[in-house]
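A quick note: this is a predicted structure, and the numbers were derived from the prediction, not measured. Every chain is numbered from 1 and lettered A, B, ... according to where its sequence line falls, protein lines coming before strand lines.
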Amino acid sequence: MKIATFNINGIKARAEALPRWLEAAAPDIVLLQEIKSMDDAFPASLFEDMGYNVAVHGQKSFNGVAILSKLPLEDVRRGLPGDPEDEQARWIEATVVGRRALRLCGLYLPNGNPAPGPKYDYKLAWMERMRARAAELLAAEEPALMAGDYNIIPQAEDAAKPEAWREDALFLPESRAAFRRILNLGFTEAFRAREPRPGHYSFWDYQAGAWARNNGIRIDHVLLTPQAADLLTDVGIDKEVRGEDKPSDHVPVWVELDL
DNA sequence: ATGGTGGTCGTACCA
């Protein structure tokens, strides 16, 4: 079962590129971020016509996450627990059942810039809430994954020019430590586990010819519980998508699970 | 050399 995460940077702007990639890559499940759409404006029928079930947690103009799945989506939950006053749409969960059940968590972690400042405080607080939910997933001792745009460059080798990110919220030591606090609860970072070599990126800025210069960063990640990691057979980044017409600034990152 | 591009909404904000 092929499960992908893809920050599409606006569903309206990606109305051609996203279906094109779905046809080519044929993922079973896709966790989408930055749909920048309200629930009722999301073109669910476009994907339903391609055989996907659709669950949306939308927001006007900003953020927004969704799940496309060829398997039925059960027990859908929207929003990251822990702060009832947080209205930003950055978290969605659902369960799919193959040979066994898999809990899916799709996330769009706050960017946090500029740091320091209130946006950075929000990022760190959000990550602490995520850590609590992550601990619950581990305690269940079942296959589960958390995939999405983490807005975290885990290590220097995950950036073409790490020095350029030294003071950025995506690479600050406190950001990376918060990411490790989640990871070190017992998750497997799927791409790193299967491809330890540097030079693999999932985001290239639209500005300053970043794609042409391969000035990228790896910030889209798939974290697996041990029971999901047992099922991992392959990983990949579909970087060629970045060079096609009207691309997102992110590309799909995927895992293959023997589910 | 502190620029540059893109999406969404609406003439500003976010990344």
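- Under the salt bridge (charged side-chain N to carboxylate O under 4.0 Å, His left out) criterion, the residue pairs touching residues 138-160 of chain A are A/R100-A/E142, A/E157-A/R192, A/D158-A/R192, A/D158-A/R218, with sequence neighbours excluded.
- Contact check on A/E16 versus A/K246 returns no salt bridge, with no Lys/Arg side-chain nitrogen under 4.0 Å from an Asp/Glu carboxylate oxygen.
- Taking atom CH2 of residue A/W211 and atom C1' of nucleotide B/dG6, one finds them 17 Å apart after rounding to whole Å.
- Ion pairing between a basic and an acidic side chain is recognised when a charged N comes within 4.0 Å of a carboxylate O; A/D234 and A/K2 show no such pairing.
- Both A/I11 and A/R213 lie close to DNA chain B; mapped to their nearest nucleotides by heavy-atom distance, the more 5′-ward contact belongs to A/R213.
- The backbone N or O of A/K239 lies less than 3.5 Å from no partner atom in the side chain of A/Y201, so there is not a single donor-acceptor pair.
- Straight-line distance between the C1' atoms of B/dC9 and B/dC14: roughly 12 Å, to the nearest whole Å.
- Between the P atom of B/dG6 and the CH2 atom of A/W204 lies a distance of 16 Å, rounded to the nearest Å.
- For A/E23, the CD atom is loosely surrounded, since the number of other residues' heavy atoms within 6.0 Å does not exceed 12.
- Here the side chain of A/T233 pairs no donor or acceptor atom with the backbone of A/D258 at under 3.5 angstrom.
- Among the duplex regions that DNA chain B forms, those built from at least three successive Watson-Crick or G-U pairs under 3.5 Å are B:5-8 with B:12-15, ordered by first number.
- Between A/H221 and A/P154, the closest side-chain pair of non-hydrogen atoms falls below 4.5 Å.
- Taking atom C1' in both B/dG4 and B/dA15, one finds a spacing of 13 Å when rounded to whole Å.
- Going from atom CG of A/N7 over to atom P of B/dG6 covers 16 Å, rounded to whole Å.
- The closest donor-acceptor contact from the side chain of A/K70 to the backbone of A/A26 lies at 3.5 Å or more, if one exists at all.
- Taking atom P in both B/dG7 and B/dG3, the straight-line distance is 22 Å, to the nearest Å.
- Judged by distance alone, with hydrogens and angles left aside, the side-chain atoms of A/Y206 form a donor-acceptor pair with the main-chain N or O of A/D249 at under 3.5 Å.
- B/dG6 atom P lies 11 Å from atom CG of A/N9, rounded to whole Å.
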Each nucleotide of nucleotides 10-15 of chain B classed B (base within 4.0 Å of a protein heavy atom), S (only sugar-phosphate) or -, in 5' to 3' order, makes ----SS
